[in-house]
*Asks:* 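One structure, pasted below without further comment.
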Amino acid sequence: MAPTGKIATVFGGSGFLGHYVVKRLAALGYIVRIAVRDTEAAMPLRPMGGPGQIVPLYAPLHEEAQVARAIEGAELAVNLTGILAERRKGDFFRTHAEGAGRIARIAGSANVRHLAHVSAIGADAASPSLYAQSKAAGEAAVRSAFPAAAILRPSIIFGPEDHFFNRFAAMASLFPVIPITGGATKFQPVYAGDVADAVLASLAPAAQGQTFELGGPEVKSFQELIEFMLNVTNRKGWVLDLPPGLASFQALFLERLPGKLLTRDQVKLLQSDNVVSGNAPGLSSLGIVPTPMDLIVPGYLARFRRKA
């Protein structure tokens, strides 16, 4: 579609989910500003639109003026920013709460028509996990500053660029044992394309002010998901479910290494199920039929498949 002249600003648009959201907004004719800390990471997205349609902008969440510049003149704003581990103490709240609140406040002052904020299932101020606490604080900050915002809480997201199935498939190709924790914890994996469709659908006037929980068509335990991956890749790894205490001790060292394979906060998070509650609207209320894992995951894990 030819550019309409309307502007959409996507914070965190260079990330995994951002690729899907930016592509859809560009297809609708929006000029898409990708507001990020690292503009080079957003450059590969420019071919998703016509000349000048995809615009990477330097806009760290802690810099008020840069956030305001990214939002100025935009009709839509989408916040996809999020981290799974802290580099410095307090990063969760600086990103998920303070940053989210700043975007919502500035979007409200700039008369942005629609704001979509992507949070996570499990956002809970009473959770022992700082990640979940900060997500809940972010939702509260967004709702306070921009009451009409649509808040979306996805379960674990899968897709070709994901950091879940790809990471464990790579591990299974190298080692006979796959250590996990919280093996009985339930997840409801949701396809990235469906989440991106939900983001766009939530920008409609009828969705304003609502909170949506997004889950796929299947509920599986952590261990069952690893076994699904092993079956898809034709591997015979042994899944070792570590008790929380031992996993926390292991994480004490792993969280200090580059890549942070496991943190103590993640161990706490993995003790609670990550599925839709049934008390909030979901994909079906947005007109979206959830995509099964079987249709997507085998295709992108083919590179890890062991030849018979």
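Computed from a predicted model, the values in this text were never measured in an experiment.
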*Asks:* Does R37 have more than 12 heavy atoms from other residues, nucleotides or ligands lying within 6.0 Å of its CZ?
*Replies:* no

*Asks:* Check the pair L252, R264 against side-chain contact (heavy atoms from CB on, under 4.5 Å), reporting the backbone distance first and the verdict last.
*Replies:* CA-CA 7 Å; L252 180 63; R264 284 169 291 175; 3.4 Å; yes

*Asks:* Check this for me, if you would: do E72 and R33 make a salt bridge, where the nitrogen-to-carboxylate-oxygen distance has to be below 4.0 angstrom?
*Replies:* no

*Asks:* Let's go through L261 and R167 carefully: what are the C-alpha distance in whole Å and the side-chain angles of both, what is the deciding distance for side-chain contact (heavy atoms from CB on, under 4.5 Å) to 0.1 Å, and is it a yes or a no?
*Replies:* CA-CA 9 Å; L261 292 177; R167 171 176 287 186; 4.1 Å; yes

*Asks:* Does Y30 form a side chain to side chain donor-acceptor pair (under 3.5 Å) with Q53? I'd like the steps, not just the answer.
*Replies:* CA-CA 7 Å; Y30 284 94; Q53 190 180 1; over 6 Å; no

*Asks:* Salt-bridge test for D265 and K268: reply yes if a basic N is under 4.0 Å from a carboxylate O, no otherwise.
*Replies:* no

*Asks:* Scan side-chain atoms only and decide if H114 and Q208 contain a donor-acceptor pair under the 3.5 Å cut-off.
*Replies:*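 There is such a pair (donor and acceptor under 3.5 Å, judged by atom type) between the side chains of H114 and Q208.
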
*Asks:* Under 3.5 Å, is there a donor-acceptor pair linking the side chains of E213 and S277?
*Replies:* yes

*Asks:* Using 30° and 60° as the class limits, which term best fits the ring planes of F187 and F164: parallel, tilted or perpendicular?
*Replies:* tilted

*Asks:* Return the set of residues passing side chain to side chain contact (heavy atoms under 4.5 Å, CB included) with S134 (not counting sequence neighbours), or none when no residue passes.
*Replies:* F92, F93, H96

*Asks:* Filter on salt bridge (Lys or Arg N to Asp or Glu O under 4.0 Å), then keep only pairs touching residues 183-206, sequence neighbours left out; what's left?
*Replies:*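 Counting only pairs at least two positions apart or across chains, the salt bridge (Lys or Arg N to Asp or Glu O under 4.0 Å) contacts touching residues 183-206 are R24-D197.
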
*Asks:* Does a side-chain N-to-carboxylate-O contact under 4.0 Å join K260 and E255?
*Replies:* no

*Asks:* Given side chain to side chain donor-acceptor pair (under 3.5 Å), test Q133 with S127 step by step and report yes or no.
*Replies:* CA-CA 6 Å; Q133 291 177 30; S127 171; 5.7 Å; no

